Amino acid sequence: MRVDYLIVADAAQITSGKLYLLGGGWNQYRVRSFPSDVAVGVAVGVRVDWNETNVRRKLELLVQDGDGNQLLKVEGQFETGRPAGIPQGASQVVQIAANGRIKVAAAGSYQLVCTVDGEELQRVPFYVSGPARSS
């Protein structure tokens with residue numbers, strides 16, 4: 001099992017097996033002042049191999065600050081089977097999207113972390129800064 005993608009966005013949605021993002025893929029975010037309330041969408045595509053199907057899994061998506069403090073936690077479970085007609089040995093992608101708000105106290109490093117059954121599969125850093133300084 002592995003992560004095909006883990007994306008930070010302004011908003012994320014899965015509809016009819018397709019991922020829709022607004023403002024997706026950013027790694028830098030600028031706020032007007034601190035503390036600030038920031039809307040965050042997260043999307044993950046977990047690749048499930050043939051021999052890992054038909055098992056219920058626990059997934060967690062965490063947004064953390066640079067000190068590891070949890071700002072947002074999304075928990076869920078997934079299980080994928082083997083649909084009729086899928087070629088022998090084929091893997092499948094389970095897509096999950098969630099939206100929430102985080103309180104950003106200060107400029108610095110943040111991260112989105114994906115775990116499945118307690119094992120960290122992917123970590124994506126992003127950075128928050130304050131207003132641009134004028135000269």
Side-chain angles (χ1 to χ4, degrees):
M1 187 169 322
R2 67 184 183 279
V3 171
D4 272 4
Y5 60 84
L6 182 60
I7 302 171
V8 182
D10 294 338
Q13 176 180 324
I14 306 290
T15 302
S16 300
K18 295 180 182 178
L19 170 63
Y20 294 90
L21 296 173
L22 290 174
W26 50 264
N27 72 334
Q28 295 182 22
Y29 195 90
R30 187 177 301 276
V31 297
R32 292 179 188 250
S33 62
F34 294 104
S36 193
D37 189 47
V38 176
V40 176
V42 295
V44 62
V46 177
R47 173 84 44 191
V48 179
D49 292 327
W50 178 266
N51 61 352
E52 297 173 313
T53 58
N54 299 311
V55 176
R56 185 167 300 271
R57 308 279 181 182
K58 179 181 178 187
L59 178 128
E60 287 184 349
L61 296 171
L62 303 170
V63 176
Q64 301 173 331
D65 65 16
D67 294 326
N69 297 313
Q70 181 179 299
L71 305 178
L72 177 68
K73 181 176 185 177
V74 176
E75 293 181 287
Q77 295 184 349
F78 69 89
E79 180 177 349
T80 188
R82 298 177 185 158
I86 191 172
Q88 175 95 18
S91 63
Q92 300 173 68
V93 176
V94 174
Q95 299 183 96
I96 297 165
N99 298 285
R101 301 192 78 76
I102 61 173
K103 296 280 186 196
V104 176
S109 299
Y110 294 80
Q111 53 205 340
L112 170 60
V113 181
C114 174
T115 65
V116 174
D117 292 339
E119 178 185 350
E120 183 178 314
L121 296 184
Q122 185 91 20
R123 181 177 294 255
V124 174
F126 63 95
Y127 308 93
V128 177
S129 61
R133 296 178 188 223
S134 55
S135 29

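Because the structure is predicted, anything quoted here is derived from the model rather than measured. Note that these values count all heavy atoms, side chains included, but never hydrogens, waters or copies made by symmetry.
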How long is the gap from [atom1] on [X] to [atom2] on [Y], to the nearest 0.5 Å?
X: Q64; Y: R123; atom1: CD; atom2: CZ; result: 5.5 Å
X: Q70; Y: L62; atom1: CD; atom2: CG; result: 5.0 Å
X: Q95; Y: L19; atom1: CD; atom2: CG; result: 6.0 Å
X: N51; Y: M1; atom1: CG; atom2: CE; result: 9.0 Å
X: T80; Y: Q92; atom1: OG1; atom2: CD; result: 3.5 Å
X: R82; Y: Q88; atom1: CZ; atom2: CD; result: 7.5 Å

Taking the side chain as everything from C-beta on, heavy atoms only, tell me whether [X] gets closer than 4.5 Å to [Y].
X: Y29; Y: V8; result: no
X: P35; Y: K103; result: no
X: V46; Y: I96; result: no

>> List the residues meeting ring pair (Phe, Tyr, Trp, His ring centres under 6.0 Å) with Y5, not counting sequence neighbours, and say none if there are none.
In response: none
Ignoring hydrogens, what is the shortest heavy-atom contact between [X] and [Y]? Give both atom names and the distance.
X: A107; Y: G130; value: CB-N, 4.5 Å
X: Y127; Y: P125; value: OH-CB, 3.9 Å
X: T115; Y: E120; value: CG2-CA, 3.7 Å
X: C114; Y: V3; value: SG-CG2, 4.1 Å
X: L21; Y: A9; value: CD2-CB, 3.9 Å
X: N99; Y: A11; value: OD1-CA, 3.2 Å

Give a yes or no on whether the backbone of [Y] and the side-chain of [X] come within a donor-acceptor separation of less than 3.5 Å.
X: E60; Y: K73; result: no
X: E75; Y: K58; result: no
X: D65; Y: D67; result: yes

> Using the ring of each side chain (for Trp, its six-membered ring), is F126 parallel, tilted or perpendicular to W26, with breaks at 30° and 60°?
Replying inline: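 Because their plane-to-plane angle is over 60°, the rings of F126 and W26 count as perpendicular.
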> Quick one: salt bridge (charged side-chain N to carboxylate O under 4.0 Å, His left out) pairs with a partner in residues 13-33, sequence neighbours left out?
Replying inline: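 Matches after skipping sequence neighbours: none remain.
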> Is it true that L71 and L59 fall in one hydrophobic cluster, defined by side-chain heavy atoms closer than 4.5 Å?
Replying inline: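 Per the 4.5 Å side-chain linkage, L71 and L59 are co-clustered.
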>> Between R2 and D49, is the side chain to side chain contact (heavy atoms under 4.5 Å, CB included) condition met? List the steps.
In response: CA-CA 9 Å; R2 67 184 183 279; D49 292 327; 3.8 Å; yes
